[in-house]
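Below is one structure; the comments refer to it alone.
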Amino acid sequence: QVQLVESGGGLVQAGGSLRLSCAASGVTFSAYNMGWFRQAPGKEREFVSTISWAGGRTDYSDSVKSRFTIFRDNTKNTVYLQMGSLKPEDTAVYYCAAGVAQGRQPTAQYWGQGTQVTVSS
């Protein structure tokens with residue numbers, strides 16, 4: 001049974017930082033491209049960042065580039081999203097995904113349950 005469990009969300013003031021983690025089980029983690037997506041109330045799920053199976057390639061949405069960093073530890077079956085200079089518009093539920101599709105569409109083989117990030121102004 002595949003499980004992706006996110007953690008690290010919470011309430012933070014604008015300008016602050018958070019690190020999200022996503023621990024995978026039930027999959028050969030190192031074989032999967034991983035990604036983070038987010039969904040704000042009343043909006044569609046959107047691309048945030050992806051990382052290739054070995055970590056050599058990363059991609060970021062324009063809205064988070066230079067503020068967020070994605071990285072993975074295949075020895076721990078975990079992918080991370082380091083978020084800095086947070087803005088109120090970053091407020092959303094953040095979802096971890098495994099086996100993300102090419103491109104930036106919110107399509108993946110597996111999804112986590114999501115973790116809430118709230119940035120206060």
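Residue numbers count from 1 along this sequence. Just so we're clear, the structure is a prediction, and the values are computed from it rather than from any experiment.
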Kindly indicate, with the supporting measurements, whether the criterion side-chain contact (heavy atoms from CB on, under 4.5 Å) is fulfilled by Met83 and Leu20. CA-CA 8 Å; Met83 305 186 295; Leu20 305 183; 3.8 Å; yes
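- Contact of the Tyr110 side chain with the Tyr32 side chain is registered, since non-hydrogen atoms from C-beta on lie closer than 4.5 Å.
- Distance check: Thr78 OG1 to Leu4 CG gives 10.5 Å after rounding to the nearest 0.5 Å.
- Rounding to the nearest 0.5 Å gives a distance of 12.0 Å between OG of Ser52 and CE of Met34.
- Atoms CD and CD1, on Gln82 and Ile70 in that order, are 12.0 Å from each other to the nearest 0.5 Å.
- Residue Trp53 qualifies as open at atom CH2: its count of foreign heavy atoms under 6.0 Å is 12 or below.
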Go through Phe47 and Val100 one step at a time and tell me if the side-chain contact (heavy atoms from CB on, under 4.5 Å) criterion holds. CA-CA 10 Å; Phe47 164 80; Val100 296; over 6 Å; no
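- In summary, of the residues considered (Asp59, Leu81, Thr69), a side-chain contact (heavy atoms from CB on, under 4.5 Å) with Ser49 occurs for Leu81 alone.
- Atom OG1 of Thr107 is separated from atom CZ of Arg45 by 10.5 Å, given to the nearest 0.5 angstrom.
- Note: Phe37 and Tyr95 fail the aromatic proximity criterion, with ring centroids not under 6.0 Å apart.
- A continuous path of hydrophobic side-chain contacts links Val27 to Trp36 [ILVMFWY only; heavy atoms under 4.5 Å].
- Distance alone, capped at 3.5 Å, places no donor-acceptor pair between the Gln113 side chain and the Val5 backbone.
- Between the side chain of Arg57 and the main chain of Thr50, no donor-acceptor pair closer than 3.5 Å is present.
- Side-chain contact between Gln116 and Thr91 is present, with at least one heavy-atom pair separated by less than 4.5 Å.
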Do Arg38 and Asp90 pass the side-chain contact (heavy atoms from CB on, under 4.5 Å) test, and can you show the C-alpha distance, the side-chain angles, and the key distance before you say yes or no? CA-CA 9 Å; Arg38 66 187 182 187; Asp90 294 318; 2.9 Å; yes
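- Linking Ile, Leu, Val, Met, Phe, Trp and Tyr residues whenever their side-chain heavy atoms come within less than 4.5 Å leaves Leu18 and Val93 in two separate clusters.
- Screening residues 29-119 for disulfide bond (SG atoms under 2.5 Å apart), with sequence neighbours left out, gives Cys22-Cys96.
- In this structure a side-chain-to-backbone donor-acceptor pair under 3.5 Å is present from Arg104 to Tyr60.
- When atom types are taken as modelled, the side chain of Arg72 and the backbone of Phe29 share a donor-acceptor pair closer than 3.5 angstrom.
- Heavy atoms from other residues, nucleotides or ligands lying under 6.0 Å from CD of Gln105 number 12 at most.
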